[in-house]
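We number each residue from 1, following the sequence as shown.
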Amino acid sequence: MEVGQMQRQWVDYTKSLFLEGFLDGQFLQLQQLQDESNPDFVVEVVSLFFEDSEKLLNDLTRALEQPSVDFKRVDAHVHQFKGSSSSIGAQRVKNACIAFRNFCEEQNTEGCIRCVQQVKQEYYLVKNKLETLFAMEQQIVAAGGSIPILELSF
């Protein structure tokens with residue numbers, strides 16, 4: 001496949017991530033911080049998000065499996081996850097965390113258990129989408145092309 005076609009596919013795929021609500025403007029801001037001196041900035045930041053998220057999801061699951069749930073602790077984990085997902089522009093994960101925090105406030109164990117499943121689902125979806133996006137970027141660069149500058153208005 002030629003570079004121009006790969007770049008067009010990348011643009012279309014990236015736009016779909018915004019249109020489907022997986023990403024928001026924060027992700028664009030993250031991309032703007034990347035330059036020649038730090039070409040892997042976005043991948044590095046998102047990779048750290050993935051590492052932290054796996055730990056947080058495990059901590060959340062364990063905390064909700066306790067006979068007596070410590071809702072303050074659960075809420076602290078959800079708050080941290082909401083912040084980190086917001087910082088990379090993972091909009092659907094952030095929104096799932098907002099709903100989750102409401103159930104923590106109500107000390108609703110069933111609601112929290114449903115929400116942890118929803119948060120996991122949204123997290124694994126956006127993780128898969130971003131891994132696909134980064135793989136597309138690697139293919140473009142390997143073929144001698146450059147990643148297009150994407151300008152979306154919100």
When you measure from the side chain of Q7 to the backbone of S146, do you find a donor-acceptor pair of N or O atoms at a distance under 3.5 Å? yes
Mind running side-chain contact (heavy atoms from CB on, under 4.5 Å) on N128 and T132 for me, showing each step along the way? CA-CA 6 Å; N128 182 273; T132 299; 4.0 Å; yes
For D24 against F18, the heavy-atom pair lying closest together: O-CE2, 3.1 Å
Do R73 and H77 touch side chain to side chain, with heavy atoms closer than 4.5 Å? yes
What is the minimum heavy-atom distance between V78 and L60, and which atoms define it? CG2-CD2, 3.6 Å
Quick one: does L133's side chain get under 4.5 Å of F27's, heavy atoms only? yes
Would you mind reporting whether L23 and T14 have side-chain heavy atoms less than 4.5 Å apart? no
Are R8 and D12 close enough, and set up right, to give a salt bridge (Lys or Arg N to Asp or Glu O under 4.0 Å), and what steps lead you there? CA-CA 6 Å; R8 284 188 297 281; D12 291 343; over 6 Å; no
Worked verdict on L130 versus F22 for side-chain contact (heavy atoms from CB on, under 4.5 Å): CA-CA 9 Å; L130 287 170; F22 286 105; over 6 Å; no
Cationic N near anionic O, under 4.0 Å, D59 to R62: yes
A side-chain contact here means heavy atoms from C-beta on lying under 4.5 Å apart; do F81 and L57 qualify? yes
Would you say the side chain of I98 lies within less than 4.5 Å of the side chain of K82, judging by non-hydrogen atoms? yes
Can you tell me how far apart NZ (K129) and CG (L125) are? Round to the nearest 0.5 Å. 7.0 Å
Kindly compute the distance separating NZ (K15) from CH2 (W10), expressed to the nearest 0.5 Å. 10.0 Å
Are any of the side-chain nitrogens in K127 or E131 under 4.0 Å away from the carboxylate oxygens of its partner? yes
What are the two closest heavy atoms between F103 and G111, and how far apart are they? CD2-CA, 3.6 Å
Counting N and O atoms only, with roles assigned by atom type, does the side chain of S16 sit under 3.5 Å from a partner on the main chain of Y13, one being a donor and the other an acceptor? yes
Would you indicate whether the side-chain heavy atoms of M1 and Q9 approach each other to under 4.5 Å? yes
Interatomic distance, H79 atom NE2 to C97 atom SG [nearest 0.5 angstrom]: 10.5 Å
Measuring from atom CE of M136 to atom CD1 of I147, what distance do you get when rounded to the nearest 0.5 angstrom? 9.5 Å
Could you report the tightest heavy-atom contact between A143 and M6, atom names first, then the distance? CB-CE, 3.3 Å
Show your reasoning for whether side-chain contact (heavy atoms from CB on, under 4.5 Å) applies to Y123 and E54. CA-CA 9 Å; Y123 165 72; E54 298 288 338; 3.0 Å; yes
Donor-acceptor pair, distance only, cut-off 3.5 Å: does the side chain of N38 make one with the backbone of Q34? no
Treat each ILVMFWY residue as a node, draw an edge where side-chain heavy atoms are under 4.5 Å apart, and state whether F134 and I149 are in one component. no
Give me the atom names and distance for the closest heavy-atom approach of L30 to S87. CD1-O, 4.5 Å
How many angstroms lie between atom CG of D40 and atom CD of Q138, to the nearest 0.5 angstrom? 8.5 Å
Within the structure provided, determine whether L33 and V45 are in side-chain contact (heavy-atom separation under 4.5 Å). no
Test your reading of the model: is there a side-chain donor-acceptor pair from E2 to the backbone of G4, 3.5 Å cut-off? yes
All heavy atoms of C112 vs all of F71, minimum pair found to be SG-CE2, 3.9 Å
Report the residues that fulfil side-chain contact (heavy atoms from CB on, under 4.5 Å) with L48, sequence neighbours left out, ordered by chain and then residue number. E51
Q118 and E122 side chains, donor-acceptor separation under 3.5 Å: yes
CZ of R114 to CG of L64: how many Å apart, nearest 0.5 Å? 12.0 Å
K120 versus T61: any side-chain heavy-atom pair under 4.5 Å? yes
Report the residues that fulfil side-chain contact (heavy atoms from CB on, under 4.5 Å) with S85, sequence neighbours left out, ordered by chain and then residue number. F49, A90, V93, K94
